[in-house]
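This report refers to the structure that appears directly beneath it.
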Amino acid sequence: MLDKALMDEATLLHCVLDRASLRQALLRKTVLRECACKVVDFSEADLTEIRTFDTDFTEAVFAKTTLTNGVFQSALLREQHFAGCLAQGAKFFKADLHSAQFSGMQLDNALFIQATIASADFSNAQGKNLRFDEANGPGARFIKTRFPQSDFSKADFRGTDFHSSNLQQCRFCDSDLYQADFSHTDLELADYSRANVRGVSFVSANCAQVNFHRVNMQYADFTGVDLANIRKTDAELAYAETWTPDQDAIVD
């Protein structure tokens with residue numbers, strides 16, 4: 001057992017830590033490269049600025065764990081439950097987070113670039129400036145999330161549920177959003193340039209100054225939406241290329 005172990009700034013290469021107990025351990029700025037951490041208990045451990053690469057965390061326990069500014073590059077984290085953890089600024093670049101649970105968490109500046117988040121649950125989570133660009137997220141749940149000013153560009157969010165969320169000033173450029181649900185969501189100043197919104201529900205959403213430039217809107221449902229201020233443009237309209245939101249309307 002390594003409970004309450006002090007391993008700050010250690011470097012572990014190709015180590016096998018399977019089934020180890022690291023409850024309340026201090027692993028700040030530690031490096032784990034190609035390690036096996038299956039069924040490891042990280043409950044209440046401090047992993048601030050930890051850096052992990054190609055590490056297998058299958059069935060590991062993250063209960064009230066501090067993951068702030070940690071790097072989990074190409075980590076195997078399928079079905080992990082992170083609820084109750086601190087994860088502001090955590091970087092899950094190319095991580096496998098299929099069916100992971102982030103519900104109710106504060107995730108400011110967290111990074112999920114090229115991560116697999118299919119069927120993951122971010123419901124009721126909050127944070128600004130998250131990055132989900134190029135993520136693989138069909139069937140993910142973002143119900144009642146508050147992720148303003150975040151980037152969902154060039155991603156696969158087919159069938160994803162974003163309803164009743166605050167996604168002001170978010171970017172969905174070049175993303176596949178086929179049959180996603182944005183009903184009752186605040187999308188003011190969002191950008192859907194070149195996205196596929198075919199079959200998407202925007203029922204009763206706030207679409208004020210939303211940019212739909214070169215967008216496939218076939219079968220999208222805008223029932224109850226005020227379309228007066230929507231920017232729907234195509235390749236023949238020159239001003240579309242230089243359109244920017246009204247700066248007076250942007251909220252910090």
Side-chain angles (χ1 to χ4, degrees), residues 18-25 27 32 36-48 50 52 55-148 150-152 155-167 170 180-182 185:
D18 292 347
R19 300 186 181 278
S21 178
L22 289 165
R23 294 176 62 90
Q24 300 182 0
L27 297 165
L32 300 177
C37 294
K38 297 179 181 178
V39 204
V40 172
D41 187 354
F42 291 102
S43 297
E44 301 182 56
D46 187 350
L47 309 184
T48 300
I50 193 171
T52 75
T55 295
D56 187 348
F57 291 100
T58 301
E59 296 186 40
V61 177
F62 295 91
K64 297 183 180 179
T65 306
T66 299
L67 309 173
T68 305
N69 295 322
V71 175
F72 298 87
Q73 183 170 324
S74 302
L76 184 56
L77 292 158
R78 296 173 67 91
E79 301 182 10
Q80 287 295 341
H81 288 252
F82 294 101
C85 295
L86 300 176
Q88 292 95 325
K91 299 170 180 63
F92 296 97
F93 178 64
K94 291 187 176 180
D96 186 349
L97 293 158
H98 192 290
S99 301
Q101 300 288 322
F102 293 90
S103 54
M105 293 179 62
Q106 191 73 36
L107 292 168
D108 295 273
N109 303 304
L111 181 156
F112 297 87
I113 294 175
Q114 296 183 21
T116 296
I117 55 172
S119 300
D121 190 357
F122 293 85
S123 298
N124 296 298
Q126 301 184 46
K128 288 185 177 181
N129 302 313
L130 285 81
R131 293 191 60 181
F132 293 93
D133 27 328
E134 300 185 64
N136 178 27
R141 294 179 296 282
F142 291 83
I143 301 167
K144 296 183 179 179
T145 56
R146 296 179 59 84
F147 286 164
S150 296
D151 196 341
F152 297 84
D156 183 353
F157 284 114
R158 290 170 295 165
T160 295
D161 193 345
F162 293 95
H163 85 258
S164 302
S165 295
N166 180 345
L167 300 174
C170 286
D181 184 359
F182 290 92
T185 293

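Sequence positions, counted from 1, serve as the residue numbers for this chain.
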Are F162 and F122 an aromatic pair, judged by ring center distance below 6.0 Å? no
Can you tell me how far apart OG1 (T68) and CD (Q88) are? Round to the nearest 0.5 Å. 5.0 Å
Side-chain (T116) to main-chain (L97) donor-acceptor, under 3.5 angstrom: no
Between A87 and M105, the two heavy atoms sitting closest are CB-CE, 3.7 Å
Does the side-chain contact (heavy atoms from CB on, under 4.5 Å) test come out yes or no for I113 and F92, once each step is laid out? CA-CA 7 Å; I113 294 175; F92 296 97; over 6 Å; no
Atom pair CG (L111) and OG (S150), whose distance is rounded to the nearest 0.5 Å: 11.0 Å
Heavy atoms, side chains only, cut-off 4.5 Å: are P138 and T160 in contact? no
Within a radius of less than 6.0 Å around NZ of K91, do more than 12 heavy atoms belonging to other residues, nucleotides or ligands occur? yes
Pairs meeting criterion side-chain hydrogen bond (donor to acceptor under 3.5 Å, both in side chains) with involvement of residues 93-108, two or more places apart: R78-D96, Q106-D108
Give a yes or no on whether the ring-centroid distance for F112 and F102 is below 6.0 angstrom. yes
Are F132 and F142, when compared by the centres of their aromatic rings, separated by less than 6.0 Å? yes
Using a 3.5 Å distance criterion without hydrogens, assess whether the side chain of T66 forms a donor-acceptor pair with backbone atoms of L86. no
Salt bridge (Lys or Arg N to Asp or Glu O under 4.0 Å) filter on D161, not counting sequence neighbours, yields none
Begin from the C-alpha positions of I50 and T48 and carry the test side-chain contact (heavy atoms from CB on, under 4.5 Å) through to its verdict. CA-CA 5 Å; I50 193 171; T48 300; over 6 Å; no
In short, T65 meets E44 closest at the heavy-atom pair OG1-N, 3.8 Å
If every non-hydrogen atom of C37 is compared with every non-hydrogen atom of A60, which pair is closest and at what distance? O-CB, 3.8 Å
Heavy-atom closest pair, residues C85 and L67: CB-CD1, 4.3 Å
Intermediate values then yes/no, side-chain contact (heavy atoms from CB on, under 4.5 Å), F152 and C170: CA-CA 7 Å; F152 297 84; C170 286; 3.9 Å; yes
The reported gap from NE2 in H163 to CG in D181 (rounded to nearest 0.5 angstrom) is 6.5 Å
Do T55 and F72 come within less than 4.5 Å of each other through their side chains, counting heavy atoms only? no
Side-chain contact, heavy-atom cut-off 4.5 Å: F157 with N136? no
With the side chain counted from C-beta on, respond yes when L167 and F147 share a heavy-atom pair under 4.5 Å apart, and no when they do not. yes
Does the side-chain hydrogen bond (donor to acceptor under 3.5 Å, both in side chains) test come out yes or no for S165 and T145, once each step is laid out? CA-CA 5 Å; S165 295; T145 56; 3.1 Å; yes
For D56, all residues meeting side chain to side chain contact (heavy atoms under 4.5 Å, CB included), sequence neighbours excluded: K38, T58, L76
Centroid separation F57 to F62 less than 6.0 Å: yes
CD on Q126 to NZ on K128, rounded to 0.5 Å: 11.0 Å
Heavy-atom closest pair, residues P148 and G127: CD-O, 3.6 Å
Find the distance between CG (D41) and CG (L22) and round it off to the nearest 0.5 Å. 8.0 Å
Verdict with supporting geometry, S123 and R141, side-chain contact (heavy atoms from CB on, under 4.5 Å): CA-CA 6 Å; S123 298; R141 294 179 296 282; 4.0 Å; yes
